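These notes are about the structure you will find just below.
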There are 2 protein chains.
Amino acid sequence: MLKLSTKGQYGVRAMFEIARGYPEHPVAIREIAERQDVSVAYLEQILNTLRKAGLITSVRGPGGGYLLSRSPREISIGEILRGLDGPVALTACQDPLAGCVRADGCVTSLLWKALGEKIEGFLDQMTLHDLLAGKKFGSERAVGA
Amino acid sequence: MLKLSTKGQYGVRAMFEIARGYPEHPVAIREIAERQDVSVAYLEQILNTLRKAGLITSVRGPGGGYLLSRSPREISIGEILRGLDGPVALTACQDPLAGCVRADGCVTSLLWKALGEKIEGFLDQMTLHDLLAGKKFGSERAVGA
DNA sequence: TAATACCTTACTAAATTTGTCAAGTATTTT
DNA sequence: AAAATACTTGACAAATTTAGTAAGGTATTA
Ligand code: FES
Ligand code: FES
């Protein structure tokens, strides 16, 4: 239930490697591939998407690679995942586009909305800096409604 | 990103209808299908799974239908979704079975674990009773790490 | 000009999801 | 007993999504 795509997972891990070169040292795709055990071809696709999303910039030619567009503190995990897999959309009805026909009468509408916002809140507060710092992510408090 | 299967969505809505008959009145599959706009054939599959998971019981013959096995306060949304789609498993590595090979060195391991626990905590605290009562689900507080 | 390294598009095999269909079993009512 | 109601089970398939691969192109530097 609620799987995260490998694209999203690899994307976050790739961003972590790029963050290690911040602010000056470009990180080559090949280096990321080796350190994170992901194929170069797949990473190309992923990094291209992230570049178009404005999260990284690229430097061509020998010695080139990828650089963060902003500081690790200013790039959240949520942004990375949204860039690759779109926004959290637990149900079709929650999708920014075309709300559900039954939206009014639907008993679960508010439930999914609340969960979706909770998840986005978590992902948006978590940044690359937290990953770099090896932050301990509190997971004990299961805050209810 | 992070879609919920229609099976899970329909399952929760079906359980809501069944809960309305609690504790004595069995709810026929056909009634659920009509009220929630889901095909009878698909619901059969879903309710069968939920019955095997022990969440509902069935009564055959005319006047029959489905009944909750326990009170609405004692059946959480998490149980329903787990019964239909298995546990929350954001990544292959988080799956109860076979932890990832890189688990030690993986920078995101703790992050996904924390998010997964947060989601499960939310789903496990939410019960059918809350749905019946039209509870307002707090979604404002995005609790960080 | 050779080497490095990013850029882009197209494509496809596998897995998953989302159902449908058909035939069967149990129970109650008449 | 017979008919009607309603759950039970297993097989199957179309549609979608995921998870990549492949191939060729472009820009930069030494
Ligand atoms: S069916 Fe659309 S909000 Fe529930
Ligand atoms: S790759 Fe397995 S925990 Fe990250």
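Order of the sequence lines sets the chain letters (A, B, ...), proteins ahead of strands, with each chain counted from 1. Everything numeric here is computed off the predicted structure, so don't read it as measured data.
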For atom CG of B:L47 and atom C1' of D:dC7, their distance in whole Å
10 Å
Ranking D:dT21, D:dT9, C:dG19 by distance to the side chain of B:T6, first place goes to C:dG19
A:R51 near the nucleic acid: base, sugar-phosphate alone, or nothing, with a heavy-atom cut-off under 4.0 Å?
sugar-phosphate
Ranking D:dT17, D:dA19, C:dG19 by distance to the side chain of A:Y42, first place goes to D:dA19
Show your working on side-chain contact (heavy atoms from CB on, under 4.5 Å) between B:L2 and B:L90 and close with a plain yes or no.
CA-CA 8 Å; B:L2 291 179; B:L90 295 176; 3.8 Å; yes
Select one nucleotide: of C:dC6, C:dA10, C:dT27, the one nearest the side-chain heavy atoms of B:R60.
C:dT27
Between D:dT8 atom C1' and B:K52 atom NZ, what is the distance in whole Å?
8 Å
Can A:D124 and A:R82 be counted as an ion pair, charged N to O under 4.0 angstrom?
yes
Verify, without hydrogens or angle tests, whether A:E17 (side chain) and A:E31 (backbone) share a donor-acceptor contact under 3.5 angstrom.
no
Do A:R13 and A:D37 meet the salt-bridge criterion of a basic N to acidic O distance under 4.0 Å?
no
Measure the distance from CZ on B:R30 to P on D:dT5 and round it to the nearest whole Å.
8 Å
Please state how far atom CD in B:Q45 lies from atom P in D:dA11, giving the value in whole angstrom units.
13 Å
Quick one: A:N48 CG to C:dT8 P, roughly how many Å, whole number?
5 Å
Protein-nucleotide distance (A:M1, atom CE; C:dT16, atom C1'), rounded to Å:
16 Å
For the side chain of A:K3, starting at C-beta, report the closest nucleotide among D:dT9, C:dT20, C:dT16.
C:dT16
Can you find a donor-acceptor pair, distance only, under 3.5 Å between A:E44 side chain and C:dT9 base?
no
What nucleotide, of C:dG19, C:dT18, C:dC6, holds the atom closest to the side chain of B:K7?
C:dT18
Report the distance from atom CD1 of A:I29 to atom C1' of C:dC7, rounded to the nearest whole Å.
10 Å
Walking DNA chain D from its 5' end, the first of A:L4 and B:P62 to be reached, judged by nearest nucleotide, is B:P62
From the list D:dT9, D:dT21, C:dC7, which nucleotide is the closest neighbour of the side chain of A:S58?
C:dC7
When the nearest nucleotide of DNA chain C is assigned to A:A41 and to A:G64 on a heavy-atom basis, which residue is associated with the more 5' position?
A:G64
What is the distance, to the nearest angstrom, from the OH atom on B:Y66 to the C1' atom on D:dA6?
8 Å
Quick check for you: among C:dT16, C:dG24, D:dG20, whose closest atom lies nearest to any side-chain atom of A:Y10?
D:dG20
Salt-bridged, B:R70 to B:E79, with N to O below 4.0 Å?
yes
Has B:S39 got a side-chain N or O lying under 4.0 Å from the OP1 or OP2 atom of C:dT20?
yes
